[in-house]
2 protein chains.
Amino acid sequence: MTIVKDPSDAPLRAYLGYGLKRAFNTIQTDLNETLRPHGLRMISFSALSLIGAHERLRQSKLAELLTIEPPNLVVILDELERAGLIEKTRAMADRRAYEISLTAEGTKVLARARKDVEGHDRRMTRAINAEDRAALVRMLEQVERQGSREHD
Amino acid sequence: MTIVKDPSDAPLRAYLGYGLKRAFNTIQTDLNETLRPHGLRMISFSALSLIGAHERLRQSKLAELLTIEPPNLVVILDELERAGLIEKTRAMADRRAYEISLTAEGTKVLARARKDVEGHDRRMTRAINAEDRAALVRMLEQVERQGSREHD
DNA sequence: TATTGTTATACTCTATAACTATA
DNA sequence: TATAGTTATAGAGTATAACAATA
């Protein structure tokens, strides 16, 4: 086991964004390795989870929840549809819109992937106790909200 | 001021990577806006800071500190050199290597940019007190280290 | 032979403009 | 006229292979 203790980047460690970027890169790499066997990546796993959590989810609503632009969601949904994990059906109320739902296969893949993601998550936060971890998640949400405010 | 309270992504809020990604996206957007007037972006500001903190920094060492691949650093340094902020001189000890240092102009730009980055940082962490903020930074470092370990 | 830095290249993520079909 | 979804495209960020100069 090797822990790098080089303090040469100390001047940057003072900024939250620097640590955030490095922690995120670490987690993203590990998460994508975790999801690859399931044919998923971070963003498509997120999409699949949200589709599983909502009845007849609108594509526009999903893009909003994922905070991605609609054109980028199209590619992700094409991927999930080709893999047989989701279905898109025209909304009865508005024939422009699509309602997205999991297929039986999608439900199975999501359950399996979720187990591995939970393992990944435990691995990444092994050194942090439950209370601190909850505080960490709460603070990250505060940072996220801070950026969506006007400079008030 | 608007705070989004839509709990529709609750199933994903359980995973650290999800919150980390969202917080990082928020910070990166704000930081890049902060740095644009200085002709810098997150990665080039980081490079400039490290060059300023080390005498005759080797290009290979800088890539390692920034955790980026050497080919990607070439582009960043070209950018900083064209802007007149850094100088590359051949190392006397090893004529393959370059030693990077700030120009007088680079020193000035770095000082000005750093002030704005500190403002950005205070803005992003306004809702978090000093003690919690220190804990946040420490936990992010733990997460980063966790990923660089073998699965032990 | 190995290492420093470079070139060329490719893949992912993100963002915008312009289009289509419906409303 | 406006909205839901799409197509095409472009810009970042990141990664690898192959090369030149030097060790």
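Just so it is clear: chains get the letters A, B, ... in the order the sequence lines come, proteins before strands, and each one is counted from 1.
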dT3(D) phosphate, OP1 or OP2, under 4.0 Å from S60(A) side-chain N/O
no

Scan residues 71-78 of chain B against DNA chain D and write down, sorted by residue number, each residue with any heavy atom closer than 4.0 Å; if none is found, say none.
P71(B), N72(B)

Could you give the CG-to-C1' distance, from L35(B) to dA12(D), as a whole number of Å?
15 Å

Side-chain heavy-atom pair L136(A), L136(B) within 4.5 angstrom cut-off:
yes

I want to check something: taking the side chain as every heavy atom from C-beta on, are L31(B) and K21(A) in contact at a cut-off of under 4.5 Å?
no

Protein-nucleotide distance (Q28(B), atom CD; dT14(C), atom C1'), rounded to Å
10 Å

Y18(B): what forms a ring pair (Phe, Tyr, Trp, His ring centres under 6.0 Å) with it, not counting sequence neighbours?
none

Below 3.5 Å, can you tabulate the donor-acceptor pairs from side chains in residues 36-46 of chain B to any protein atom, sequence neighbours excluded?
{"from": "H38(B)", "atom 1": "NE2", "to": "D116(B)", "atom 2": "OD2", "distance (Å)": "2.7"}
{"from": "R41(B)", "atom 1": "NE", "to": "E79(B)", "atom 2": "OE2", "distance (Å)": "3.3"}
{"from": "R41(B)", "atom 1": "NH2", "to": "E79(B)", "atom 2": "OE1", "distance (Å)": "2.9"}
{"from": "S44(B)", "atom 1": "OG", "to": "R41(B)", "atom 2": "N", "distance (Å)": "2.9"}
{"from": "S44(B)", "atom 1": "OG", "to": "R41(B)", "atom 2": "O", "distance (Å)": "3.2"}
{"from": "S46(B)", "atom 1": "OG", "to": "M42(B)", "atom 2": "O", "distance (Å)": "3.0"}

dA12(D) C1' sits how many Å from L31(B) CG, rounded?
14 Å

Test: salt bridge (charged side-chain N to carboxylate O under 4.0 Å, His left out). Region: residues 80-90 of chain A. Which pairs qualify, not counting sequence neighbours?
none

Provide, to the nearest angstrom, the distance between the CD atom belonging to E64(A) and the C1' atom belonging to dG5(D).
15 Å

Contact list please: residues 89-103 of chain A against DNA chain D, heavy atoms, distance less than 4.0 Å, in numerical order.
R96(A), A97(A), Y98(A)

Find the distance R36(A):CZ to dT12(C):P and express it as a whole number of Å.
10 Å

Let me know the distance between NZ of K88(B) and P of dT4(C), rounded to the nearest Å.
14 Å

Whole angstrom value for the distance that separates C1' of dT12(C) from NZ of K21(B):
10 Å

Can you name the salt bridge (charged side-chain N to carboxylate O under 4.0 Å, His left out) partners of R133(B), sequence neighbours left out?
D121(B)

Just to be sure I understand the rule, does Q59(A) reach a base, reach only the sugar-phosphate, or reach nothing, if contact means heavy atoms closer than 4.0 Å?
sugar-phosphate

Quick check: do H54(B) and K61(B) have side-chain heavy atoms less than 4.5 Å from each other?
no

Using heavy-atom distances to pick each residue's nearest nucleotide on DNA chain C, tell me which of M42(A) and P70(A) is more 5'.
M42(A)

Could you state the CD-P distance from E69(A) to dT6(D), rounded to the nearest angstrom?
15 Å

